[in-house]
Visitor: 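Questions regarding the structure given below will be posed in turn.
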Amino acid sequence: MKEVLRRSITGVVYVALLLSAVFLSTDAFDFLFMIFGLACLYEYKRLTALKGYYIFMAYLALWWAFIYLIHDKLLINILMFITITINIILLYYLFSNKKPKENGVMKFLIGLFYIGGGCIFLTMIPYKDDAFAKFLIMGIFILIWVNDSFAYLVGKTIGRTKLYPAISPKKTVEGSLGGLVFTVAAAYFMARYEPIVNPAQWVILAVVIVIAGGLGDLVESKLKREAGVKDSGAILPGHGGMLDRLDSLIFAAPFAYLTLNLLTNVS
């Protein structure tokens, strides 16, 4: 009972922080995700035994440059290409028996772009046509939460087929499909509140977020398994670490950003 209460309180505080940041001001939103990125990098640093503090300085420099200074689409696309490439490399190691090279440079680059790049694109998503699309970013948060919640509920109720038992024994195929169905339904419903993205585009975005977010969750699970730990940290009582909470969002962010840009150009 105490554990449920602790998880509930932590969840309420976390959601309140996000809502406050989104609806208070753009600066509050930017600052919050800069801090979230630092917290995730700290946990990644511990999981991978990465030495030194250079990754924090590199992340802050990269974040500051791309959020406030760089607006050139070519440079942003180069960052997106690098971030997605790093994510694909992580997927390769996820589904193979090989391990990434145990050297500081590789760990540094993976952390900087997997987490740092993900947080940067997560921060960039709501900025459309010199305006801050509050309901767009809230919609993406909601899609992730709906997927996580219904994947768990459906998996617990009717889940039989293990999705990837070697990495995440509790996840099931039925749960993943249930999460996808409910997330697509939620996306179609949210289209009436955010006109920047039409119903069909919301559904496409939902599918991308569910698939990329699910893979991101597995990537982080493998990092924890290789480190021999259950949680990435303990900053969120009852929920584990910040990376445990944001792994899906961070991994899905560059794919969601790319999808939104492609959909905008097509429409």
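All values below come from the heavy atoms of this structure, side chains included, with hydrogens, waters and symmetry mates left out. FYI, the numbering just counts along the sequence from 1.
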Visitor: What's the separation between atom CG in Leu38 and atom NZ in Lys45, rounded to the nearest 0.5 Å?
Guide: 12.5 Å

Visitor: Does any part of the side chain of Met190, heavy atoms only, come nearer than 4.5 Å to the side chain of Leu143, both counted from C-beta?
Guide: yes

Visitor: Fit a plane to each ring of Phe95 and Tyr164, take the angle between them on a 0 to 90° scale, and name the class: parallel (under 30°), tilted (30 to 60°) or perpendicular (over 60°).
Guide: parallel

Visitor: Give a yes or no answer on whether the side chain of Asn77 reaches the backbone of Lys73 with a donor-acceptor pair at less than 3.5 Å.
Guide: yes

Visitor: Quickly, which of Phe36, Phe31, Phe33, Tyr68 forms a ring pair (Phe, Tyr, Trp, His ring centres under 6.0 Å) with Trp63? Name it, please.
Guide: Tyr68

Visitor: Would you say the side chain of Tyr114 lies within less than 4.5 Å of the side chain of Ile89, judging by non-hydrogen atoms?
Guide: no

Visitor: May I ask you to check whether Phe56 and Tyr59 place their ring centres under 6.0 Å from each other?
Guide: no

Visitor: Could you list all the salt bridge (Lys or Arg N to Asp or Glu O under 4.0 Å) pairs where at least one residue sits in residues 201-217, not counting sequence neighbours?
Guide: Lys171-Asp217

Visitor: Taking all non-hydrogen atoms of both residues, which atom of Gly117 and which atom of Thr83 are closest, and how far apart?
Guide: CA-OG1, 3.8 Å

Visitor: Of the non-hydrogen atoms in Ile70 and Ile76, which two are nearest, and what is the gap between them?
Guide: O-CD1, 4.3 Å

Visitor: Taking Met242's backbone N and O only, do any of them form a donor-acceptor pair with Glu43's side chain (distance below 3.5 Å, no angle check)?
Guide: yes

Visitor: Evaluate the side-chain contact (heavy atoms from CB on, under 4.5 Å) criterion for residues Thr161 and Thr172: first the C-alpha distance (whole Å), next the side-chain angles of each, then the deciding distance (0.1 Å), finally the verdict.
Guide: CA-CA 5 Å; Thr161 312; Thr172 64; 5.7 Å; no

Visitor: Please examine the side chains of Phe113 and Thr85, heavy atoms only from C-beta on, and report whether any two atoms are closer than 4.5 Å.
Guide: no

Visitor: Going through the distances and angles, do Glu226 and Thr48 end up as a side-chain contact (heavy atoms from CB on, under 4.5 Å)?
Guide: CA-CA 9 Å; Glu226 289 181 346; Thr48 59; over 6 Å; no

Visitor: Is there side-chain contact between Asp247 and Leu223, with heavy atoms separated by less than 4.5 Å?
Guide: no

Visitor: Measuring from Leu41:CG to Leu60:CG, what's the distance to the nearest 0.5 Å?
Guide: 8.5 Å

Visitor: Find out if a path of hydrophobic residues (ILVMFWY) with successive side-chain heavy-atom gaps under 4.5 Å connects Val203 to Val181.
Guide: no

Visitor: Under 30°, 30 to 60°, or over 60°: which ring-plane class applies to Phe150 and Phe182, parallel, tilted or perpendicular?
Guide: parallel

Visitor: In the structure I gave you, are the side-chain heavy atoms of Leu218 and Leu91 within less than 4.5 Å of one another anywhere?
Guide: no

Visitor: Measure the spacing between CG of Leu109 and CD1 of Ile82 and express it to the nearest 0.5 Å.
Guide: 9.5 Å

Visitor: For residues Cys40 and Ile250, report the shortest heavy-atom separation together with the two atoms involved.
Guide: SG-CD1, 3.7 Å

Visitor: Rounded to the nearest 0.5 Å, what's the gap from CD on Glu220 to CD1 on Ile115? Could you check?
Guide: 8.5 Å

Visitor: Between Phe121 and Phe255, does the ring centroid distance fall short of 6.0 Å?
Guide: no

Visitor: Tell me the closest heavy-atom pair linking Gly179 and Thr183, and the distance in Å.
Guide: O-OG1, 2.5 Å

Visitor: Mind running side-chain contact (heavy atoms from CB on, under 4.5 Å) on Val219 and Ile167 for me, showing each step along the way?
Guide: CA-CA 9 Å; Val219 164; Ile167 298 298; over 6 Å; no

Visitor: Rounded at 0.5 Å granularity, tell me how far CD1 in Ile86 sits from CD1 in Ile110.
Guide: 6.0 Å

Visitor: Using the test side-chain hydrogen bond (donor to acceptor under 3.5 Å, both in side chains), find all partners of Tyr152 that sit at least two apart in sequence or belong to another chain.
Guide: Lys156

Visitor: Evaluate side-chain contact (heavy atoms from CB on, under 4.5 Å) for Val210 paired with Ile144, printing each intermediate quantity in order.
Guide: CA-CA 7 Å; Val210 168; Ile144 288 288; over 6 Å; no

Visitor: May I ask whether Ile78 and Met124 are part of the same hydrophobic cluster, defined by side-chain heavy atoms of I, L, V, M, F, W, Y residues being less than 4.5 angstrom apart, directly or through others?
Guide: yes

Visitor: Please determine, by modelled atom types, if Tyr127 and Asp30 share a side-chain donor-acceptor pair under 3.5 angstrom.
Guide: yes

Visitor: Side-chain heavy atoms nearer than 4.5 Å, only ILVMFWY residues, links allowed to pass through others: does that put Met106 and Leu112 together?
Guide: yes

Visitor: Taking side chain as C-beta onward, heavy atoms only, is Leu249 less than 4.5 Å from Leu122?
Guide: yes

Visitor: Taking a hydrophobic cluster as the set of Ile, Leu, Val, Met, Phe, Trp and Tyr residues connected by side-chain heavy atoms closer than 4.5 Å, whether directly or through intermediates, do Leu136 and Leu262 fall within one such cluster?
Guide: yes

Visitor: State, to 0.1 Å, how close Leu94 and Leu215 come at their nearest heavy-atom pair, and which atoms those are.
Guide: CD2-O, 4.3 Å

Visitor: First locate atom CD1 of Ile209, then atom OG of Ser248, and finally report the distance between them rounded to the nearest 0.5 Å.
Guide: 10.5 Å

Visitor: Taking all non-hydrogen atoms of both residues into account, name the closest pair between Leu163 and Ser176 and its distance.
Guide: CD2-OG, 3.5 Å

Visitor: Has the side chain of Glu174 got a donor or acceptor atom that lies under 3.5 Å from a matching backbone atom of Gly155?
Guide: no

Visitor: Answer yes or no: are there more than 12 heavy-atom neighbours, outside Phe29 itself, under 6.0 Å from its atom CZ?
Guide: yes

